[in-house]
2 protein chains.
Amino acid sequence: MQNMTAPDLPRNCDDCPIRHRAVCARCETDELARLEEIKYYRSYEAGQTIVWSGDRMEFVGSVVKGVASLTQAMEDGRTQMVGLLLPSDFVGRPGRETAAYDVVATTGVVMCCFRKKPFEDMMLRTPHIAQRLLEMTLDELDAAREWMLVLGRKTAREKIASLLSIIARRDVTLNLGKAAGPMEFDLPLTREAMADYLGLTLETVSRQINALKRDGVIDLTGKRHVTVPDFDRLAEEAGDDSDGGMLS
Amino acid sequence: MQNMTAPDLPRNCDDCPIRHRAVCARCETDELARLEEIKYYRSYEAGQTIVWSGDRMEFVGSVVKGVASLTQAMEDGRTQMVGLLLPSDFVGRPGRETAAYDVVATTGVVMCCFRKKPFEDMMLRTPHIAQRLLEMTLDELDAAREWMLVLGRKTAREKIASLLSIIARRDVTLNLGKAAGPMEFDLPLTREAMADYLGLTLETVSRQINALKRDGVIDLTGKRHVTVPDFDRLAEEAGDDSDGGMLS
DNA sequence: TATCGTCATTGATACAGATCAAGCGCGCGA
DNA sequence: TCGCGCGCTTGATCTGTATCAATGACGATA
């Protein structure tokens, strides 16, 4: 529900900072012209709901800037975040009529949107897009399952370390990995949002973050800026298998 | 690692009890001939590991009979089941080289397998298969995310009710829903397997199951056979939104 | 029929994390 | 500059589930 033509929004794929990873990476093919026709950018303020669960979805797209979250709630208010959407992540289910979860802008967000129907038509015409989508969906599935282990079996401290580790890793990949040396990033989530992601209360999140700080695993500047002096140490705290991580 | 030609294994799609839902449902197309060439059936005993995490995958396929589970373990032994594979569920990741999780036969299992490479080739040639796979993967993703809510926010009692409710529902759909009246089914999981699925200990599982029995939500015959006199009551115990359930 | 092994139940106790309750710090609008 | 609200921290206490430890039920095997 935001202005669709704000002056600072990207105009086309060349301005799109995520073209190296997301669907619009394919813009270099001859489908470019068609893609541009059905594509637009849109921005949302922190706290705004981008999509309501159950609503008819009129677009699919990628997060270009900012952080959004996929959220599921029970009647009594208990809330579980089921996905963290960082820049380059895809939103929407081609072939599905309605949204299954709320999508909420956690920070200010810029989305790269494709109108759904023409996007699906193009998908039918262009096999590599369907394959790319399958690949991305499998990635999401892996992420969801990794998170099931976190939610089901890890302690509060391990949960926090897991979250920090994921955010740090994502941050580095997006900024073209400057491997060694301390990593730094800003937490894009409030303590409450972290709690909803981790299946904890915000008090426990606060206590464990400060415990990790006391123990020298992380350093905090203010309440949101995190420095990780030794990523391996953090990964160890997260209980991750210490095989270095990356596969293939 | 089991005989591939046991006399009781299905021979082709006409014998395959799940053709209405899984990939081989497409056998009716002119791809049938090619599919038959690359397809075979295989059986596993309860407890056998069908695929080891990290192994090269040589096939994809569907569960035809029995129950298998996708499992992830930490170094110290903590274990989380990340997927429950019931008949008609698909196993394997087209486009991925190695398996991400252990696949373990929980009961005796019959799989309908396709050799991976030719299956992938066929996928490239046959767009509707890629689309069917995307659809199935999206279903799995939804299931995984629903389970994240269970793991992150539900109480032990709600977790048990959720699991029973899922199994009951699946059982009915497969057996062509005889809607009303008490539902009955056998638990295909030990208490320990349930615990690993729910992020609990086996003692807690045992206590909560018996609590549900005491409260009349379910009835137990022996240790494994469950009768659900009132499914809505069970769904309520699971904390599910009481909108009847099905979408679309 | 005795014995063993696996799966499940049940009880006593410990503890991680939830809950309840202040209070702090900082940005923002008046 | 003052208050006000929101995000966060910190403390005290409570509780749901884990943990530890027997015991029971049943099927398989000899």
Side-chain angles (χ1 to χ4, degrees), chain A residues 45-47 67 74 76-80 104 106-107 150-164 186-215 218-226 237 239, chain B residues 45-48 67 74 76-80 104 106-108 150-164 186-215 218-226 237 239:
Chain A
E45 289 163 20
V67 178
M74 295 173 66
D76 61 8
R78 279 177 286 176
T79 292
Q80 178 66 49
V104 183
T106 298
T107 65
V150 172
L151 290 173
R153 289 303 186 195
K154 292 194 177 178
T155 65
R157 183 184 176 100
E158 289 168 335
K159 284 177 174 183
I160 298 286
S162 298
L163 178 58
L164 294 177
D186 282 309
L187 283 174
L189 303 173
T190 64
R191 301 290 185 260
E192 188 180 20
M194 290 188 246
D196 283 341
Y197 198 30
L198 296 166
L200 299 169
T201 59
L202 63 92
E203 293 95 330
T204 299
V205 169
S206 175
R207 281 187 247 266
Q208 296 297 338
I209 285 182
N210 289 309
L212 287 176
K213 177 181 177 180
R214 267 197 307 283
D215 299 345
I218 59 171
D219 202 18
L220 275 182
T221 315
K223 291 165 190 321
R224 295 292 192 90
H225 191 81
V226 178
E237 289 284 351
Chain B
E45 288 164 20
Q48 249 189 313
V67 178
M74 295 173 67
D76 62 7
R78 280 177 285 175
T79 293
Q80 178 65 50
V104 183
T106 298
T107 64
V150 172
L151 290 172
R153 290 303 187 194
K154 292 195 179 178
T155 64
R157 174 186 256 249
E158 288 168 335
K159 284 177 173 181
I160 298 287
S162 298
L163 178 58
L164 294 177
D186 281 308
L187 283 174
L189 303 173
T190 64
R191 302 288 186 259
E192 187 180 21
M194 289 189 246
D196 284 342
Y197 198 31
L198 296 166
L200 298 169
T201 60
L202 64 90
E203 293 94 331
T204 299
V205 169
S206 176
R207 282 187 246 268
Q208 296 298 336
I209 285 183
N210 289 307
L212 287 176
K213 178 182 177 179
R214 267 196 308 284
D215 298 347
I218 59 171
D219 203 16
L220 275 183
T221 313
K223 292 164 190 322
R224 295 292 193 89
H225 191 81
V226 178
E237 289 284 350

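Residue numbers start from 1 in every chain, and the chains themselves are labelled A, B, ... in the order their sequence lines are given, proteins ahead of strands.
- Across all strands shown, G199(A) has heavy atoms under 4.0 Å from sugar-phosphate atoms exclusively, and none from any base.
- In this structure, of dA12(C), dT9(C), dT17(D), it is dT9(C) that holds the atom nearest to the side chain of R191(B).
- The side chain of A156(A) has dG17(C) as its nearest neighbour among dC8(D), dG17(C), dT9(C).
- Nearest-nucleotide positions on DNA chain C for K223(A) and V205(A) put V205(A) closer to the 5' end.
- The phosphate of dC8(D) (OP1 or OP2) has a side-chain N or O of R224(A) nearer than 4.0 angstrom.
- Separating the CD1 atom in I160(A) from the OH atom in Y197(A) is a distance of 12.5 Å, to the nearest 0.5 Å.
- When heavy atoms are screened at a 4.0 angstrom cut-off, L200(B) is found touching the sugar-phosphate backbone but no base atom.
- When distances run from any side-chain atom of T155(B) to the nucleotides dT17(D), dT9(C), dG17(C), the shortest one goes to dT17(D).
- Nucleic acid contact class of R157(A) (heavy atoms, under 4.0 Å, all strands): none.
- Here T201(A) lies in heavy-atom contact (under 4.0 Å) with a base.
- At whole-Å resolution of the value, NE2 in H225(B) and P in dC26(D) are 16 Å apart.
- Distances shorter than 4.0 Å separate some side-chain N or O of S206(B) from OP1 or OP2 on dT9(C).
- Among dC8(D), dC20(C), dT10(C), the nucleotide with an atom closest to any side-chain atom of E203(A) is dC20(C).
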Checking side-chain contact (heavy atoms from CB on, under 4.5 Å) for the pair L202(A)/T190(A): CA distance, chi angles, key distance, verdict?
-> CA-CA 9 Å; L202(A) 63 92; T190(A) 64; over 6 Å; no
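- Residue-to-nucleotide contacts include no donor-acceptor pair under 3.5 Å from the side chain of R207(B) to the base of dG16(D).
- For E203(A), the CD atom sits in a packed shell: over 12 heavy atoms of surrounding residues, nucleotides or ligands are nearer than 6.0 Å.
- Residues E237(A) and R157(A) have side chains in contact (heavy-atom distance under 4.5 Å, counting atoms from C-beta outward).
- The shortest non-hydrogen separation linking A156(A) to T204(A) is CB-CG2, 3.7 Å.
- The side chain of T204(A) places an N or O atom within less than 4.0 Å of a non-bridging phosphate oxygen (OP1 or OP2) of dA18(C).
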